[in-house]
> 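The structure's right below; bear with me while I get my questions together.
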Amino acid sequence: MPVTAARIDEVLASVPSGLFIGGRWSAGRGDLPVEDPATGSVLTSVTDAGPEDGLRALDAAVAAQPAWAATEPRARAEMLRRAFELLVARTEEFALLMTLEMGKPLAEARGEVAYGAEFFRWFSEEAVRVRGSWSVAPSGGTRLLTMKQPVGPVYAITPWNFPLAMGTRKIGPALAAGCTVVMKPAAQTPLTMLALAQVLAEAGVPDGVINVVTTTRSGEVSAPIIADPRLRKLTFTGSTAVGRTLIGQSAQQVLRTSMELGGNAPFLVFADADLDRAVDGAMLAKMRNIGEACTAANRFLVHESLAPEFSRRLAERMQALHVGPGIEEGVQVGPLVDAGAVRKVSELVDDAVQSGARVVTGGTPVDGSGHFYAPTVLTDVPPTADMFGEEIFGPVAPITTFASDDEAVLLANDTEYGLVSYLFTRDLSRALTVSEALQTGMVGVNQGIVSNPAAPFGGVKASGLGREGGAEGIDEYLETKYVGISL
Ligand code: NAP
């Protein structure tokens, strides 16, 4: 069914425009405009918080912390479970909100609701499985008791590219562990998080346990929160540059930090790969979220014997993609988030072409309103091109070749980033040997997607610290206390 203007108005009107602090909505100030990247027009406006609002949110989180930590794990679990069910029931509303404020096609936005909601279900199950240990000291006598306790109030900062899932991936484990949260979504996509606060309140989460502050003054609002000794944990998803600044600020109070930062994923296709699967995997790894994902394949490294056929098939598939506003039926590639993103992708493509790359398809922005870039395949990209060193964050697939496994691994690891790699081969021994050699926190073998709430997501090197999801996800919000006991 096509999305009507009346439906858009209805969904936008259902989102509160104020800040959510201590269980109350403040009156909306309307000084933070939210833009539709498909048209460049303003959708609605919310509140542009200042530093005093951020500190009020921290006050509320600090006040709610003791009672939340003391709430029975089963009760916390059931609230998260209810939030999961409410989110799933409102899939269409959340999907439309994300498409409107971020640009991704509706089908992908629905996928994000399913993925994002799953973190609430997963951590509702983990909330009742937090365990310590009991052992006898090696020398006998003393008994060693370890217990897990919530870290304390958490400050969470999320990016615009997955407005829902990057939030639920933090809120789920934090609430499950017994931590309260101040959440600051990206300025470009505040609506989804405001709507999520409504869901959490409706699910029974007590006042002050989750607080949402929307702002364009991220640095000004965040610095006093991070400097406040009452805050005990900072969890951030975003660029490596901002992550570095936040790690520096966190040093002052010796905060626990989780950092989900940038990526530069290599996508390796070995000579024995199943080419159909490799091309399917490439489409997923490259085009999920219009290429605006930290996990996006950023460098295609293809064995020289397969490169011509792989490039031809990938270009055919990329060329056939339907580009347009995400709310339109059948659209597979939405706009980039803003004009700056289109400029950056254009510069990276121009640099690659000047360095000797060949454009097989695409290679230019799409004319007209909105921030669209044509799905692009480049071959003969020299490893020295800028796009092999930086995140492209757009629908561009650069291909280069390798001759041996050693060369493939060397090329793959030749980056400061270490989030995820993908590899395609039919040889199990090669798959495992290469997986061991790749310097990334995650590896996809014969698959173009690794995100899974039941698995530990995260990077090494400049891609970050800590893991989100899986059994490890809740540990990020727990301290281990040891008690030595003489009987
Ligand atoms: P970004 O510019 O680093 O912004 C991320 C968040 O940090 C936003 O909420 C932003 O607020 C805020 N921020 C910016 N400067 C800040 C400061 N000085 N103090 C406190 N907060 C500050 O990243 P982005 O462009 O939104 O997102 C894209 C990046 O995120 C890419 O590098 C991508 O790889 C990475 N990412 C990583 C993962 C992962 O799991 N590893 C997942 C998704 C995305 P404003 O909106 O106000 O600028």
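No experiment lies behind these values; they were computed from the predicted model shown. Whatever order the structure lists them in is the order used to number ligands and atoms, beginning at 1. All residue numbers in this chain count up from 1 along the given sequence.
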> Is there a donor-acceptor pair closer than 3.5 Å between any side-chain N or O of Lys286 and the backbone N or O of Pro395?
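No, the answer is negative, given that no donor and acceptor are paired below the 3.5 Å cut-off.
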
> Considering only heavy atoms, does Phe457 approach ligand 1 within less than 4.0 Å through its side chain, its backbone, both, or neither?
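For Phe457, only side-chain atoms sit under 4.0 Å from ligand 1.
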
> Would you say the side-chain atoms of Trp160 pair up with the backbone N or O of Ala187, donor to acceptor, closer than 3.5 Å?
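Answer holds: no.
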
> Starting from atom 23 (O) of ligand 1, which protein heavy atom do you reach first, and at what distance in Å?
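Closest protein heavy atom to atom 23 (O) of ligand 1: Ser239 N, 3.4 Å.
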
> What protein heavy atom sits nearest atom 33 (C) of ligand 1, and how far off is it?
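Protein heavy atom with the smallest distance to atom 33 (C) of ligand 1: Phe393 CZ, 3.4 Å.
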
> With a heavy-atom distance limit of 4.0 Å, tell me whether Met166 approaches ligand 1 through its side chain, its backbone, both, or neither.
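It is the side chain that touches ligand 1; the backbone stays farther off.
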
> Nearest non-hydrogen atom to atom 36 (N) of ligand 1 belongs to which of Cys294, Gly464, Ser451, Ser463?
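Heavy atom nearest to atom 36 (N) of ligand 1 belongs to Cys294.
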
> Any donor and acceptor pair, going by atom type alone, linking the side chain of Ser463 with main-chain N or O of Gly418 inside 3.5 Å?
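Yes.
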
> Using modelled atom types and a 3.5 Å cut-off, is there a donor and acceptor pairing between side-chain atoms of Asp351 and backbone atoms of Asp386?
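Side chain of Asp351 to backbone of Asp386, a donor-acceptor pair under 3.5 Å: yes, one is there.
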
> Looking at atom 4 (O) of ligand 1, is any protein heavy atom nearer than 4.0 Å to it?
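Under the 4.0 Å cut-off, atom 4 (O) of ligand 1 has no protein heavy-atom neighbours at all.
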
> Is the shortest side-chain N to carboxylate O distance from Arg29 to Asp53 below 4.0 Å?
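Counted as a salt bridge, because a side-chain N and a carboxylate O are separated by less than 4.0 Å.
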
> Would you mind finding which of Ala156, Ala187, Ser218 brings a heavy atom closest to atom 21 (N) of ligand 1?
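Result: the heavy atom closest to atom 21 (N) of ligand 1 is in Ser218.
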
> Polar contacts were defined as any N/O atom of the residue lying under 3.5 Å from an N/O atom of the ligand; does this apply to Glu391 and ligand 1?
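Looking only at distances, the answer is yes, because the N/O contact criterion of under 3.5 Å is met.
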
> Taking the basic N atoms (NZ, or NE/NH1/NH2) and the acidic carboxylate oxygens, is any pair closer than 4.0 Å for Arg90 and Glu202?
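Yes.
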
> Has Gln65 got a side-chain atom pairing as donor or acceptor with Gly178's backbone, closer than 3.5 angstrom?
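Indeed, once roles are kept as given, a pair shorter than 3.5 Å links the two residues.
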
> Identify the closest protein heavy atom to atom 24 (P) of ligand 1: which residue and atom is it, and at what distance?
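I find the closest protein heavy atom is Trp160 NE1, 3.4 Å.
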
> Looking only at protein heavy atoms, identify the closest one to atom 20 (C) of ligand 1 and say how far it is in Å.
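Answer for atom 20 (C) of ligand 1: Ser222 OG, 3.3 Å.
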
> Closest non-hydrogen protein atom to atom 16 (C) of ligand 1, residue and atom name please, with distance?
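Looking only at protein heavy atoms, the one closest to atom 16 (C) of ligand 1 is Val242 CG1, 3.6 Å.
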
> Heavy-atom contact under 4.0 Å between Phe162 and ligand 1?
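The answer is no: ligand 1 sits nowhere under 4.0 Å from a heavy atom of Phe162.
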
> Any donor-acceptor pair under 3.5 Å linking the side chain of Thr47 with the backbone of Ser17?
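The answer is yes, because a donor-acceptor pair under 3.5 Å joins these two groups.
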
> On the 0 to 90° scale, with breaks at 30° and 60°, tag the Phe123-Phe119 ring pair as parallel, tilted or perpendicular.
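Geometry flag for Phe119 against Phe123: parallel rings.
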
> Would you mind finding which of Gly340, Ala265, Gly243, Gly238 brings a heavy atom closest to atom 30 (O) of ligand 1?
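Looking at heavy atoms only, the winner is Gly238.
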
> Please report which non-hydrogen protein atom sits nearest to atom 27 (O) of ligand 1, along with the residue it belongs to and the distance in Å to one decimal place.
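Here the closest protein heavy atom is Pro159 CB, 3.3 Å.
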
> Looking only at heavy atoms, is any part of Asn161 under 4.0 Å from ligand 1, and if so is it the side chain, the backbone, or both, or is it neither?
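For Asn161, only side-chain atoms sit under 4.0 Å from ligand 1.
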
> Side chain, backbone, both or neither: which applies to Arg217 and ligand 1 if a contact is any heavy-atom pair less than 4.0 Å apart?
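It is neither; nothing of Arg217 touches ligand 1.
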
> Short question: side chain of Ser369, backbone of Thr39 - any donor-acceptor pair under 3.5 Å?
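No, the answer is negative, given that no donor and acceptor are paired below the 3.5 Å cut-off.
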
> Under a 4.0 Å threshold between the charged nitrogen and the carboxylate oxygen, would Lys233 count as salt-bridged to Glu476?
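Yes.
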
> Less than 4.0 angstrom from a charged side-chain N to a carboxylate O is my criterion; do Arg56 and Asp59 meet it?
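No.
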
> Taking only Lys NZ, Arg NE, NH1 and NH2, and the carboxylate oxygens of Asp or Glu, determine whether Glu118 and Arg121 approach each other closer than 4.0 Å.
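So Glu118 pairs with Arg121 through a salt bridge.
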
> One residue to check: Thr237. Relative to ligand 1, which of side chain, backbone, both or neither has a non-hydrogen atom less than 4.0 Å away?
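For Thr237, the contact with ligand 1 is made by both the backbone and the side chain.
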
> Say whether Leu419 and ligand 1 are in contact under the criterion: heavy-atom distance to a ligand atom below 4.0 Å.
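So Leu419 counts as touching ligand 1.
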
> Report the part of Thr295 in contact with ligand 1, treating N, CA, C, O as backbone and CB onward as side chain, heavy atoms under 4.0 Å; options are side chain, backbone, both, neither.
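Thr295 to ligand 1: no contact under 4.0 Å from either part.
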
> Taking only heavy atoms of Gly262 into account, list the atoms of ligand 1 that are under 4.0 Å away from them.
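Checking each atom against Gly262, I get 32 (O), 34 (O).
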
> At what distance is the nearest protein heavy atom to atom 41 (N) of ligand 1, and which residue and atom is it?
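Among all protein heavy atoms, the one nearest atom 41 (N) of ligand 1 is Leu261 O, 2.7 Å.
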
> Using a strict 4.0 Å cut-off to heavy atoms of Thr158, name the atoms of ligand 1 that fall inside it.
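Going through ligand 1 atom by atom, the ones under 4.0 Å from Thr158 are 6 (C), 8 (C), 9 (O).
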
> Heavy-atom contacts under 4.0 Å between Leu246 and ligand 1: side chain, backbone, both, or neither?
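Answer for Leu246: side chain.
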
> Using only atom types and a distance under 3.5 Å, with no angle test, would you say the side chain of Glu112 pairs donor to acceptor with the backbone of Leu164?
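It does hold such a pair.
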
> What do we get for Arg169 next to ligand 1 when only non-hydrogen atoms under 4.0 Å count, side chain, backbone, both or neither?
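For Arg169, the contact with ligand 1 is made by the side chain alone.
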
> Any idea which protein heavy atom is nearest atom 17 (C) of ligand 1, and the distance to it?
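Of the protein heavy atoms, Gly219 CA, 3.8 Å lies nearest.
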
> Under 3.5 Å, is there a donor on one side chain and an acceptor on the other for Lys184 and Thr215?
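The answer is no; no qualifying pair exists.
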
